[in-house]
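Okay, so here's the structure we're looking at.
Order of the sequence lines fixes the chain letters, A, B, ..., with proteins taken first and strands second; residue numbering starts at 1 for each chain. Remember, predicted model here, so these are calculated numbers, not experimental data.
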Amino acid sequence: MTDKQPHFAVLPPEQPAREMEEALLERWREERLFEQTLAQHADKPRWVFLEGPPTANGRPGIHHVFSRTLKDLFCRHRSMTGHAVSRKAGWDTHGLPVEIEVEKALGISGKQDIEKFGIENFNARCRESVWTYRQEWEQISGRIGYWLDYENPYVTYSNDYVESVWWALATLYKKELLFQGHKILPYCPRCGTALSSHEVAQGYEDVEDPSVYLALDLADAGDGRVKRRRIVVWTTTPWTLVSNAALAVNPELNYVEVRKNGRDDWSLVLAESRAGAVLGQGWEERWELLATHTGRSLAGQRYTRPLDWAEYPEGNNQIIVAEEFVSADDGSGVVHMSPAFGADDYAAGQRHGLSFLQPVNARGEFPADMPVVGGLFVKKADPLIIEELKKRDVLWKAGTLMHPYPHCWRCRTPLLYYARTSWFIKTTAFKDRMIAANNAVNWNPPEVGAGRFGQWLENNIDWAISRDRYWGTPLPVWVNDADPTERQVVGSYADLAAFSGRALPADFDPHKPYIDAYTWPAPSGTGTMRRVPEVIDTWFDSGSMPFAQWHYPFENAEKFRAHYPGDFIAEGVDQTRGWFYSLLAIATGLGDALHPGAEANATSPYKNVVVNDLVLDAAGQKMSKSRGNTVAPAAVLERHGADAVRLFLVSASQIWKPRSFDEAVIRDTAGRFLLTLKNVYKFFAELANFGWSPSAEDPLPEQRALLDQWILSRLSATEAEAHRLLEAFDATSAARVVMEFVDEDLSKWYVRLSRDRFYDVSAPDNRAAFATLQECLVVVCRLLAPLAPFLSDWVYRELTGTSVHLAPYVRATPFAVRPELEAAMVEIRALATLGRAARESASVKVRQPLGAMICVTGRLSAEATACVNALAPLLMLELNLKKIEFATSADSLVSLEAKPNFRTLGKRWGKETPRAAAVVAALESETLRAFEHGTPVMISVDGTDHELLADEVSIQRRASGALVVQEDGTRFAALDPAISPELRREGLAREVVSRVQRMRKETGLQVSDRIRLEISGPTEVRDAISVHREWIAGEVLAESLVTKDTNQVGFNAVAVELDGIAAHIALTKDC
RNA sequence: GGGCCAUUAGCUCAGGUGGUUAGAGCGCACGCCUGAUAAGCGUGAGGUCCGAGGUUCAACUCCUCGAUGGCCCA
């Protein structure tokens, strides 16, 4: 023994993980550990992580914990592998979400209310509101151990950030990529602004809309067979009929003209393929075909519009036009054109010079003086319009239709497609470069990049970036109020000062309304330059973060260049069209201005992307506030600890698959694993505290037991594999590899088989065991550090005295992997399984020693076979056997069987494979024995003889004889179940020891306490004890051991049953 | 309507380039161990691999069509 104090602390088993983690967080703060890791690698190669800024005015959810875990773990891994990993926090602070929060808080709604409240006050509120949840975000992020530089975050509303964004916009303007256009855009009438396509993508909802068929009169009377000719028109937006300018048909489609049987009052024209759907099943019975027309022939015909409340301005109207986009999938094959309210309609209007009617104001209401629907919100006007159509006898039929319709992603108002003036980035001009850049990005998983995102880029449309709102980066475009074609785009605050002719004040604020006070005489001489009223899409802000976070190009040019392009981003799949896109679009648009050579050789602002899928609830349902199945991260972290939650999220399934979030599963998987690790460490620590610590006396690995070398080999293999997987961004597999090593190899096999080697601390073999287990734990902690940063650090500190987060991920000189040894152990473990099964089927418990087992392994190299022989004692111990024999083919109890190898046979025999296989399978044991020794064997398939090739067959050994046999295809174990009197005595002796040990424990004795024993029992028991007296006494630390006859039961003796035999044991402490 | 992903044991998931006993963990049943003990370990029972066709000597694996669920888009 030693006079050293115990030096490996142990976690109290009842302590919740939370307590250990929180104490550790406090310690990290005190040590400034994160800063230490940054300093440690400051001069190493850079690995740039770009943090997608969360909006700080929504609460963090469990899915945020998921993506933040991923961000953190890859950053930690790259840091541990010797990279300078910069991690700047950021906050997305502008935009509609913020405005809506403030509107809610103020109890107001809509732009009129905001203007009444005052833009100055409103924006001041927005600026504050942004920080509402900041504390919660930092708290959750900190709690899960997400290391980010929160002390120097980028904030998108800061003056520096806005100036960089202005620079980007001015640069795009110079490249003629920023323009004002008039296009049909999805528009939120409540928020009063247009939305970009990626915002629309967030808000599809299933709604019930009217489905209305009209029958409009055609001007051409035709051949006079009917009095009225009418054309059937379909729409789901009756309110747009007020601004109807034309009808469109598909030039390639066939249209039929029909009348009710025998009636000459009117006819209907509609697409042939839609007749059944519109007129009803069996329409041919009830309707008479008058004529067929092609779409092309209908073009140019005139009709009468359904509603005449709005005056047509100049242009063509009430005419049928031919357009390819008209589909015959639904409706009547005739669609109504309202150029102000649909993208296709608008384009058709341009092509055909149609009248442009826009009788709806910015709030989505008809003018107050309009008949019937005056002043109404358009969607509310639908029923009145349908009523009016009926009155005017132009309604054919009206119903409803469930379909997905876009809604404002923030306020849920149905969007209207409006022709509006807006500012655009001409992304279509550099679409090809975006696609090329994207092709070079390493997407994980690949199909999101190639499929989802690639497809999106293919269908790219210009990015509408202006917003008619208040809290955002102001669009830095000044226009001459006397001549709108005269424009200046301000790319810096210096420009602004120069143009306006006045120095900017110290408290300069580039936001509305202050910025709009900056006006100046137009350079051309007449008029005043005034800023356009819009602010920009907040996605443009976040997409600018690679340079704007450094206030590039105004300062930090070096820093920016060192951090561009980014190596790594990770976000949820919902960001595909959000941040992933805005980053790419802005960087590609800026091209060489951002990154020299970017235009010639398209580069993405990020090289590697990890996309994670959704977190679903325990039942696999999407989490949403309306379903009420969201999970509050703080409570979950409280219950399970951050390590378990992180490990669960990463390892439960591949991160790019949706995962169900089930707390019971956290406990059963990640929680159980961490418990196993804790237990292994505890086993080590408690026993090492008897006096082992690492020293030069520990045998070198090569001199340690083969079992030690085996686990060290497995450790090295696991280390290399985990590292490789993390390099490849496969966190799930990495986590599983490490977890499996700890559970299967270290805990279930190494520790279990080595237990008694730890019961002393001084002999070389004991020292070897301690040194080996210590090494395993140390390395496991490192491998686990990115995944479960708390427990790994706690244990590592106990083992080494330093933080795991300052350690390298992989060792410089790991123990060499020994595949032959590992292969041998696979055999040993398989044989152990077979041996246990054999015991079970022979109904002999492990405590009862047995004589011998004869086994055969799978085919092994000579070196591996030698290892198997060397490892055989482990098998004897594990199975409590006196002898293990490895049978060879020559043994009489072994017969050989041929198992055809279909893979190789198939190549040679093709169709004849089954027959060849049958011939091979039928080969006799003797033949195979000869074959193994090199004698050629001929097999006869379809009459001819062919020589059997070695790799066409695998030869298996089977036992014959009276042994208990278990086999698994390539190996077998044959157990001799006979229990000789000698074995029986030994079994009983072990029974006694086991029983006494339990009693010692029940009596509360210390491990080292000495005892006196009195055992009464029949002759059989007394015999067994007398033969094994020494051994028993040694095992249970008995100073005296007296045996007595069955009827001489001592005072305070306990009745026991020893393998079915009644006996009494009296145990007293020896004082 | 289109794209992508999934569907394997009661549950959660593994199953390169097709090869003949489809695996693991949890749960369940039975048992072991009792000096890792608020632990540890073993054995076993559970599967027409979503369905239908096809290609092939051979399909969980490849192809086609469909079903169901999820995400995304029109």
Side-chain angles (χ1 to χ4, degrees), chain A residues 10 12-14 197-198 200-202 204 327 329-330 403-404 406 445-456 458-459 572-574 576-577 613-614 616 618 620-622 648 651-654 656-660 662 664-665 667-669 672-673 675-676 678-687 732-733 736 739-740 743-744 747-749 751-752 755-756 758-759 832-833 835-841 843 845-847 878 899-917 921 966-969 993-995 997-1002 1005-1008 1035:
Chain A
V10 171
E14 70 281 5
S197 49
H198 40 262
V200 175
Q202 324 253 338
Y204 274 87
S327 116
D329 293 340
D330 41 30
H403 67 155
E447 64 270 12
V448 172
R452 185 175 289 204
F453 194 53
Q455 194 199 354
W456 159 261
E458 291 290 345
N459 298 325
V573 70
D574 52 326
T576 311
R577 285 156 174 94
D613 210 309
L614 297 176
L616 309 173
Q621 292 290 305
K622 188 177 176 175
F648 164 77
S651 68
S653 63
Q654 281 294 338
W656 48 270
K657 288 187 187 176
R659 74 219 37 242
S660 301
D662 187 341
V665 179
R667 214 175 36 245
D668 291 343
T669 56
R672 179 171 287 266
F673 162 76
L675 183 63
T676 299
K678 255 188 261 185
N679 277 327
V680 170
Y681 167 73
K682 183 178 167 208
F683 174 82
F684 164 84
E686 285 178 343
L687 294 165
T732 306
S733 302
R736 288 179 174 177
M739 289 164 84
E740 186 171 326
D743 194 42
E744 288 296 317
S747 169
K748 276 192 190 159
W749 198 246
V751 170
R752 200 158 59 83
R755 264 188 298 215
D756 44 7
F758 291 93
Y759 299 154
T833 297
R836 283 188 214 107
R839 267 187 173 277
E840 193 114 345
S841 68
S843 305
K845 61 168 81 170
V846 178
R847 200 152 46 201
E878 172 69 9
K899 194 180 167 207
N901 182 348
F902 280 84
R903 191 191 282 268
T904 45
L905 283 171
K907 286 196 181 113
R908 183 168 163 202
W909 296 103
K911 261 191 200 312
E912 297 297 331
T913 305
R915 202 180 307 184
Q966 290 287 327
E967 49 195 325
D968 73 351
V993 168
S994 156
R995 192 60 230 191
Q997 297 287 37
R998 209 178 328 167
M999 287 171 68
R1000 284 182 60 110
K1001 191 158 181 183
E1002 283 159 5
L1005 293 180
Q1006 295 295 306
V1007 172
S1008 52
E1035 286 292 305

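- Protein atom CD of A:Glu458 is 15 Å distant from nucleotide atom P of B:rG3, rounded to whole Å.
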Seminar exercise, completed: B/S/- along nucleotides 28-37 of chain B (protein heavy atoms under 4.0 Å) is -----SSBBB
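- In this entry the distance linking NZ of A:Lys907 with P of B:rU56 reads 19 Å, nearest Å.
- When the C1' atom is compared between B:rU64 and B:rU21, the two are found 31 Å apart, to the nearest whole Å.
- Straight-line distance between the P atoms of B:rC33 and B:rC41: roughly 15 Å, to the nearest whole Å.
- Rounded to whole Å, the distance from CZ on A:Phe902 to P on B:rA22 is 14 Å.
- Contact check for A:Trp909 versus A:Arg915: no side-chain heavy atoms found under the 4.5 Å cut-off.
- Here the C1' atom of nucleotide B:rC72 and the CH2 atom of A:Trp656 are 16 Å apart, to the nearest Å.
- A:Arg915 has its CZ atom 14 Å from the P atom of B:rA58, to the nearest Å.
- For the pair A:Arg836 and A:Leu675, nearest-nucleotide mapping onto RNA chain B gives the more 5' position to A:Leu675.
- With sequence neighbours left out, A:Arg1000 forms a salt bridge (Lys or Arg N to Asp or Glu O under 4.0 Å) with no residue at all.
- In terms of position along RNA chain B, the nucleotide closest to A:Ala832 lies nearer the 5' end than the nucleotide closest to the other residue of the pair A:Asp613 and A:Ala832.
- Side-chain atoms of A:Glu1035 do not come within 3.5 Å of backbone N or O of A:Gln997 as any donor-acceptor pair.
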For this session: Would you sketch RNA chain B in dot-bracket for me? Only Watson-Crick or G-U wobble pairs with both distances under 3.5 Å count, crossing pairs as [ ], other-strand pairs as |, the rest as dots.
Result: (((((((..((((.....[...)))).(((((.......))))).....(((((..]....)))))))))))).
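- Here A:Glu744 pairs with A:Lys748 under the side chain to side chain donor-acceptor pair (under 3.5 Å) rule; sequence neighbours left out.
- Rounded to whole Å, the separation between the C1' atoms of B:rG46 and B:rA22 comes to 14 Å.
- What you find for A:Phe673 and A:Met739 is that their closest heavy atoms are CE1-CA, 3.4 Å.
- Remark: A:Thr913 pairs with no residue by the side chain to side chain donor-acceptor pair (under 3.5 Å) rule, at least two apart or across chains.
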Exercise. How does protein contact run along nucleotides 12-18 of chain B, one letter per nucleotide 5' to 3', with B for base contact, S for sugar-phosphate only, - for none, heavy atoms under 4.0 Å?
Worked result: -SS----
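- Formation of a donor-acceptor pair under 3.5 Å by the A:Arg998 side chain with backbone atoms of A:Val993 is not found in this model.
- Distance noted for atom C1' between B:rG15 and B:rU7: 15 Å (whole Å).
- One can place NZ of A:Lys911 at 10 Å from P of B:rU55, the figure rounded to the nearest angstrom.
- Atom CG in A:Asp662 sits roughly 13 Å away from atom C1' in B:rG27 (whole-Å rounding).
- Across B:rU56 and B:rC63, the matching C1' atoms stand 12 Å from one another, rounded to whole Å.
- Rounded to whole Å, atom P of B:rC26 lies 12 Å from atom CE of A:Met739.
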